[in-house]
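The analysis underlying the following values was restricted to heavy atoms, covering all of them including side chains, and did not include hydrogens, waters or symmetry mates.
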Amino acid sequence: MTKIILGITLLFIIPLSSYSKGIKIQLQGGLGSYSMSDMKTLDKMIAGQLPLSLHQTDNFPAYWFYQGAVLFNLSENLSMGPMYAFHSTGSRYSLADYSGEYFYDNLLRAHSPGLTINYTKAVGSNFKCGAYIDGGISFTKAEFKEHLQLSNLEEEYNESSSAKETSYFIEPGFLISYPLKKIEPGLHIGYYIPVAAGGFKENESGQLLYLSSENKAKSGWGGLRVGISLSF
C-alpha cells in the first residue's frame, strides 16, 4: 500500500512541478473535534461486560492535529500539492480505591496522506482569503489496553490488542493569510468528512470488529478543524 501511495503522489508531483510558478512549504497545527460514535458505543459495550463500576475520564476529546503540505503555485490564486496529516484521540474508563486500580484505554491514531487544493485572492493591500479542500486516505490504528493492579499483590495484569482501518476523507474549508517577505502565516477553518470506511480489523486474528451482527465498528474522525499555518 505504501508503494502505491508513493507512486500516485509522484504522478501528481511530476506534472505539477513542470507547470508550477513557485513552490511553498506549508506547516499547520491546530485542534480537531472527533465524533467517534462507533468507538463510544464499543467502549460502552466493553465496559458493560466488566463486573466493575467504572468511571469514564476521557471520551475522545478534541485534540491537537499536525499537517504539512508542498504547494505548487499553478497561478496567482491557485495552488495544489501533496499533504500529510496526523490525528489522535482516545478514551479511558478507570476505577481506583484502597484495594487497587483498573483502567481500560482506547487510543486512536491516524496517518492521512492526500492532496490539497488552495484558492486564495488578495483582499485589500495585505490579506489573502479563500477556500481549500483536502482529500485522501486515512490509516487508523486503535490500541486497546487493560491494566489491573491489586494493592495486596505485587504482580500486575496488563493486556493489549490492536486493530487497523483504512478509510477515505475530504475536508473543505476557508482560509485567511497575511503574506510577509519570506513567510505567510494563516488561519484555516474546515470540516473533516469521512467518505468511506472499511471497518476495524483486529491485527491478531484478522477479524472485523462488529457492534452488532451487521454493523462494523468504524473510526469517526469527522468534525471541525481549526488550525494555524505557516508557509515558506
Side-chain angles (χ1 to χ4, degrees), residues 1 29-67 84-113 137-169 171 191-194 196-227:
M1 180 61 72
L31 195 65
S33 63
Y34 313 111
S35 62
M36 293 294 165
S37 58
D38 281 7
M39 291 292 97
K40 292 175 182 177
T41 300
L42 183 64
D43 277 357
K44 291 180 180 179
M45 291 171 57
I46 294 174
Q49 295 172 358
L50 298 173
L52 299 170
S53 299
L54 299 175
H55 304 285
Q56 189 173 42
T57 57
D58 288 295
N59 191 23
F60 305 101
Y63 201 67
W64 302 109
F65 72 88
Y66 307 95
Q67 183 168 319
Y84 162 82
F86 174 78
H87 298 86
S88 63
T89 188
S91 68
R92 167 168 283 197
Y93 282 81
S94 64
L95 176 65
D97 57 24
Y98 68 91
S99 62
E101 66 171 357
Y102 170 87
F103 65 76
Y104 159 75
D105 289 344
N106 184 351
L107 307 174
L108 285 96
R109 300 178 180 88
H111 299 271
S112 305
I137 184 170
S138 286
F139 301 101
T140 302
K141 181 178 181 180
E143 292 186 87
F144 311 101
K145 298 181 179 181
E146 285 186 278
H147 168 81
L148 175 63
Q149 175 69 62
L150 298 178
S151 300
N152 59 345
L153 296 176
E154 294 184 0
E155 294 183 359
E156 61 181 36
Y157 167 81
N158 292 286
E159 185 173 337
S160 63
S161 62
S162 60
K164 291 183 179 180
E165 182 199 53
T166 300
S167 59
Y168 301 88
F169 73 93
E171 183 189 324
Y191 197 89
Y192 184 109
I193 304 171
F200 279 103
K201 181 180 292 186
E202 291 182 328
N203 289 337
E204 294 79 6
S205 65
Q207 298 294 317
L208 287 167
L209 295 179
Y210 283 88
L211 302 176
S212 64
S213 59
E214 297 181 355
N215 187 12
K216 293 182 289 186
K218 302 176 182 178
S219 61
W221 293 108
L224 186 68
R225 302 290 188 271
V226 179

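A donor-acceptor contact closer than 3.5 angstrom links the side chains of Trp221 and Thr140. Remark: the Tyr93 side chain and the His55 side chain contain no N/O donor-acceptor pair separated by less than 3.5 Å. No side-chain donor-acceptor contact under 3.5 Å links Asp58 and Ser91. Side-chain contact annotation: Arg225 with His87, donor-acceptor N/O pair under 3.5 Å present. With no hydrogens or angles considered, a side-chain donor-acceptor pair links Tyr102 and Glu146 at under 3.5 Å.
Taking the charged nitrogens against the carboxylate oxygens, Arg109 and Glu143 do have a contact shorter than 4.0 Å, which makes a salt bridge. Residues Asp38 and Lys218 are not paired through a salt bridge, judged by the lack of any N-O separation under 4.0 Å between the basic side chain and the carboxylate.
Side-chain N or O atoms of Ser88 include none that pairs as donor or acceptor with a backbone N or O of Leu108 at under 3.5 Å. Under the 3.5 Å distance criterion, the side-chain polar atoms of Glu165 are matched with a main-chain donor or acceptor of Gly199. In this structure, the side chain of Lys216 engages the main chain of Gly198 through a donor-acceptor pair within 3.5 Å. Judged by distance alone, with hydrogens and angles left aside, the side-chain atoms of Asp97 form a donor-acceptor pair with the main-chain N or O of Ser99 at under 3.5 Å. For the pair Ser112 (side chain) and Tyr84 (backbone), a donor-acceptor distance under 3.5 Å is absent. Side chain of Ser138 to backbone of Ser167: no donor-acceptor contact under 3.5 angstrom is found. Without hydrogens or angle criteria, Ser162 side chain to Ala142 main chain gives no donor-acceptor distance under 3.5 Å.
Atom OG1 in Thr41 sits 11.0 Å away from atom CD1 in Ile46 (nearest 0.5 Å). Between the CG atom in Asn59 and the NZ atom in Lys44 there is a gap of 7.5 Å [rounded to 0.5 Å].
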### Task
Please assess Phe200 against Ser219 for the test side-chain contact (heavy atoms from CB on, under 4.5 Å), listing each intermediate value before the final yes or no.
CA-CA 8 Å; Phe200 279 103; Ser219 61; 3.9 Å; yes

### Message
Evaluate Leu224 against Tyr192 for side-chain contact (heavy atoms from CB on, under 4.5 Å), listing each step before the verdict.
### Response
CA-CA 6 Å; Leu224 186 68; Tyr192 184 109; over 6 Å; no

### Task
Any chance you could lay out the ring pair (Phe, Tyr, Trp, His ring centres under 6.0 Å) test for His111 and Phe86, step after step, and finish with the verdict?
CA-CA 5 Å; His111 299 271; Phe86 174 78; 5.1 Å; yes

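Tyr210 is linked by a ring pair (Phe, Tyr, Trp, His ring centres under 6.0 Å) to nothing, counting only residues two or more places apart in sequence or in another chain.
Pairing each heavy atom of Asp43 with each of Tyr104, the nearest pair is OD1-OH, 3.1 Å. Between Thr89 and Pro61, the shortest heavy-atom distance links the atoms OG1-O, 2.9 Å. Closest non-hydrogen pair, Val226 versus Phe65, comes out as O-CE2, 3.8 Å. Residues Ala163 and Phe144 come closest through the heavy atom pair CB-CE1, 4.2 Å.
Around CZ of Phe103, the count of heavy atoms belonging to other residues, nucleotides or ligands within 6.0 Å exceeds 12. For Lys201, the NZ atom is loosely surrounded, since the number of other residues' heavy atoms within 6.0 Å does not exceed 12.
A heavy-atom distance below 4.5 Å is found between the side chains of His147 and Glu101.
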